[in-house]
S.K.: 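Pasting a structure below so you can have a look.
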Amino acid sequence: MSMNEQEFRQEVAGWMATHLTGRFACLKHRGGPGDEEAYPALRKEWEQELAAGGWVGLGWPKAHGGRDLPLALQLAFHEEYVRAGGPGRIGHIGETLMAPTLIALGTPAQQARFLPGIREGHEYWAQGYSEPGAGSDLAAITTRCWQDEDGRWRLQGQKVWTSLAHESDWVFVIARSTPGSVGREGLSFLLVPLDQPGVDIHPIRQMTGEAEFNSVFFDGAVTEADCIIGKPGEGWKVAMALLGFERGVSTLGQQMHFIHELKLVVDVARGNGAARDPAIRQRIADAWVGLQGLRYNGLRMLEEDTGSTTVRPEALIYKYAWSNWHRELGQLAMDVIGVAGDVRSHDDAVRRLQQVFFFSRADTIYAGTNEIQLNIIAERGLGMPRA
Amino acid sequence: MSLTLSDEQRALQETAADFLAAHTNARKEADADAELWSRIVELGWAAVQVPEDFDGLGLGAVELALLMEEMGRRLARTPFLANVVLAQTALLQVGTAEAQQGALAALAYGERTATLILGPGLDAEPASLSVKARRDGEGWVLAGEAAQVLDDGLLTHAYVAARIEEAPGVALFELAADAAGLTRTPLDVFDLTRPQARWTFADVRVGAEARVDDPARVLAGLARTRVLAALQLAAEQVGGAAQCLQLAVDYTKERVQFGKPVASFQAVKHRVAEMMVCMETARSTVRGVAARVAQGVQGNGLDEAALAAEVAAARVQATEAYRYCAQEAIQLHGGVGFTWEYDPQLHFKRAHWASQWFGPTRDWREALAAHLLDAA
């Protein structure tokens, strides 16, 4: 570890210690997938606090108000952030998906219009990809869009599984702009304000009892003529470029959440005697082993590119590996808790583990199901032929 | 910490891959491949981890792991594991400066080829050691039996951890493989690429100079030897798993049923993808832990407990990955996967061998559980 990185880590830890206090203290270890209903308004204020501290847009170019930090320091930030109990980032879709896409593919006017709101924590974004008929087969989307005579875009259709739409100001949407087109052709990538009569947001109650996702209905919803990234018909390309940012450093930072969760399992096991059960001991050891695999695999993803054009196997397998590990951790946690797990707990540790148990059922479904992941690994990683 | 390989490390890896692909024959009907071993020694691979002070290359765990991975891929039948990963490491960890001076260069450049004898399956617990040594005038007498020793017939020497009456209860002895009173009986093993023999010590007499350990370091040093060697074995297991995956991918792309390559069926794709997930995860961990070990040598080290925990993770993943990939390679080859002529059976046997030696995964997991759950 370079001295530079150590100093940086201390700076992050010091800042967190002095800012995640007072009215923000209740946010420690709260929020994030499975716990998004926790303090949404206060978490937005926390995003503004982070922005004021200069902790948003660490990897963005300086020209766009970022800090242009190397990957290793970005990862160090995420690790120290979670270590300090930093709450789930309600602005992460904007910061880690929308912003890099705007920087890579947006016009200067779009960048000037949207990046400051993301960086300063004043505008929040949702992702409008999936539809009831377009899940794993994303290119099957049927939401339509067209331009009025004045050039403004209009949308008709339905998006689903839209995380945090009810807390967001904008949604980016892929919609079919060429009538009669099929598959990846004829799509466009639009930026749409959510607070308008043509948009209707319905929460979807999950098996956890909470509602982090939504159905978003567009009924003649409108957005300005210049709220399109890329040209009409280039939507698929833009949408895929955006997904490329999904495996960024923030994904590696999530490992710190996993470390925290495994520690909670260990604490519960020690407290209730499950730690003496030989089968539980083997499984807890296995969970730790799996976590090392994720950690080293993540570090391998940060390796400098060797310049070869070959696929990066560690990046291909990462989503499948972490989501299945996490799902298994949820099961282990509940096996450790025992019958008490049936009752909604008010103990912070147990409640968190209950959330992990239920919410992690979604981990192996969203962002590419297990089955889609295995297809991708086989076809791109191993050159297995398409059927 | 960086997992990025240096240009030199990448060159070593590529050389090893090319050389072993061209020169290894896992089916050669002999105890060991003497010619392959002598060429490996000529390439300097046996000198990789020997410090420069002893005329070695002064490299470390990362380079060794790269070599082991490639050797595991090709099931190279040489004394590399016994001589380098075990004997050299033991001498480095517990040997006196005098003993190191006398033997390391010889072990590095082929003048000597040695194995290491610990308890069954290379258990380093003192109670597991089955050879006892008693004082005999100035020297020692070794008696007992080591039921399964890594011995491919090319050995000239052995390092034997034996129990002694006096503190610290264990000593390491160096002796010639043809010492009087020593009987080596080759065993009828399933994994022919990893020959073994039973060594019977009927009062083998050695001089005082044969005791090579520093008594202050022998117990911790042998435990550390086992842990460091287990990491290298994990690297070898990753190489084997990678080869099983390659064999399965190549075969299913060629094998046509129902009018198309079976590789195009989703049920087959998902199996090879699962193999890749297990193998690449284990590879990430082995490389990462090797990098940490190498870094530790340079100063900001791992303590014993942290090292053992990290190696346990590598060991468990590599064992599971190799066993899984070997089994799946047989399955995905269909009927021919069960035959002597195809390679999956060779890996299946090696994978099983590797899963038991250095301790089964349940023991590594239990040690980890104790580390995670039983701390004060």
Side-chain angles (χ1 to χ4, degrees), chain A residues 1-2 72 262-263 265-267 269-270 274-278 280-306 312-318 320-321 324-325 370-371 373-387, chain B residues 1-5 7 10 245-246 248-249 252-253 260-266 268-289 291-292 295 300 309-310 312-317 320-321 361-362 364-375:
Chain A
M1 191 186 302
S2 65
L262 178 56
K263 184 175 175 302
V265 174
V266 166
D267 290 346
R270 289 176 61 159
R276 291 190 298 272
D277 178 331
I280 291 291
R281 293 172 73 82
Q282 293 273 308
R283 287 174 63 194
I284 286 176
D286 245 346
W288 191 87
V289 166
L291 196 51
Q292 301 315 301
L294 297 179
R295 177 165 144 253
Y296 283 118
N297 203 71
L299 287 169
R300 199 171 146 202
M301 283 164 71
L302 295 183
E303 275 182 46
E304 294 151 40
D305 209 316
T306 56
R312 300 286 295 264
E314 67 279 6
L316 266 183
I317 67 172
Y318 189 66
Y320 185 81
N324 286 279
W325 179 87
N370 268 358
E371 290 68 30
Q373 293 295 334
L374 291 175
N375 284 350
I376 293 171
I377 292 166
E379 288 166 10
R380 291 195 206 148
L382 298 168
M384 301 289 271
R386 287 170 171 274
Chain B
M1 188 190 70
S2 169
L3 297 191
T4 306
L5 296 179
D7 290 343
R10 204 168 293 122
L245 174 58
Q246 189 67 53
V249 167
T252 56
K253 283 180 182 172
K260 46 187 160 185
V262 297
S264 65
F265 297 119
Q266 200 172 39
V268 172
K269 282 185 194 175
H270 284 190
R271 301 183 85 127
V272 293
E274 294 265 19
M275 291 164 77
M276 179 165 158
V277 171
C278 292
M279 184 276 288
E280 290 290 353
T281 301
R283 177 179 271 162
S284 296
T285 304
V286 168
R287 291 212 181 146
V289 177
R292 288 199 70 179
Q295 205 176 39
N300 32 22
E310 298 266 328
R315 165 74 178 153
V316 170
Q317 284 175 15
E320 300 291 354
T361 51
R362 64 175 180 277
W364 289 94
R365 287 195 181 100
E366 173 50 36
L368 262 182
H371 178 65
L372 297 169
L373 293 166
D374 301 341

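Letters A, B, ... are given to chains in the order of the sequence lines, protein chains preceding strands, and every chain is numbered from 1. Just the heavy atoms: all of them, side chains too, but no hydrogens, waters or symmetry mates, feed the values below.
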S.K.: Which residue out of B/Glu320, B/Arg283, B/Arg287 racks up the most heavy-atom pairs below 4.5 Å with chain A?
M.R.: B/Arg283
S.K.: Please rank B/Thr285, B/Val249, B/Thr361 by heavy-atom pairs under 4.5 Å with chain A and give me the top one.
M.R.: B/Thr285
S.K.: In the structure I gave you, are the side-chain heavy atoms of A/Trp288 and B/His371 within less than 4.5 Å of one another anywhere?
M.R.: no
S.K.: Output the distance between atom CD1 (A/Ile317) and atom OG (B/Ser284), rounded to the nearest 0.5 Å.
M.R.: 5.5 Å
S.K.: Out of A/Glu371, A/Gln282, A/Arg386, A/Glu314, which one racks up the most heavy-atom pairs below 4.5 Å with chain B?
M.R.: A/Gln282
S.K.: Please report the interatomic distance OG1(B/Thr281) to CH2(A/Trp325), rounded to the nearest 0.5 Å.
M.R.: 13.0 Å
S.K.: Go through the steps to decide whether B/Leu245 and A/Leu382 satisfy the test side-chain contact (heavy atoms from CB on, under 4.5 Å), and finish with yes or no.
M.R.: CA-CA 9 Å; B/Leu245 174 58; A/Leu382 298 168; 3.9 Å; yes
S.K.: Less than 4.5 Å to any heavy atom of chain A: does that hold for the side chain of B/Ala314, its backbone, both, or neither?
M.R.: neither
S.K.: Taking every heavy-atom pair that is under 4.5 Å apart, which of A/Gly298, A/Ala321, A/Gly383 has the most such pairs with chain B?
M.R.: A/Gly383
S.K.: Has the side chain of B/Gln317 got a donor or acceptor atom that lies under 3.5 Å from a matching backbone atom of A/Val289?
M.R.: yes
S.K.: Say whether A/Tyr296 and B/Glu310, considering side chains only, have a donor N or O and an acceptor N or O under 3.5 Å apart.
M.R.: yes
S.K.: If we ignore hydrogens and angles and just use 3.5 Å, is the side chain of A/Arg300 paired with the main-chain N or O of B/Glu280 as donor and acceptor?
M.R.: yes
S.K.: Is there a donor-acceptor pair closer than 3.5 Å between any side-chain N or O of B/Lys253 and the backbone N or O of A/Pro385?
M.R.: no
S.K.: Checking side-chain polar atoms at under 3.5 Å, does B/Gln266 have a donor or acceptor matched by the opposite partner on A/Asn375?
M.R.: yes
S.K.: Just wondering, do B/Lys269 and A/Leu374 contact through their side chains at under 4.5 Å, heavy atoms?
M.R.: no
S.K.: To the nearest 0.5 Å, tell me how far B/Leu368 CG sits from A/Asp286 CG.
M.R.: 9.0 Å
S.K.: B/Ala309 versus chain A, heavy atoms under 4.5 Å apart: side chain, backbone, both or neither?
M.R.: both
S.K.: Between A/Met384 and B/Thr252, is any pair of side-chain heavy atoms under 4.5 Å apart?
M.R.: yes
S.K.: Are A/Arg281 and B/Asp374 packed together at the side-chain level, in the sense that at least one heavy-atom pair is separated by less than 4.5 angstrom?
M.R.: yes
S.K.: Hey, could you give me the CG/CD1 distance between B/Leu373 and A/Ile280, rounded to the nearest 0.5 Å?
M.R.: 10.0 Å
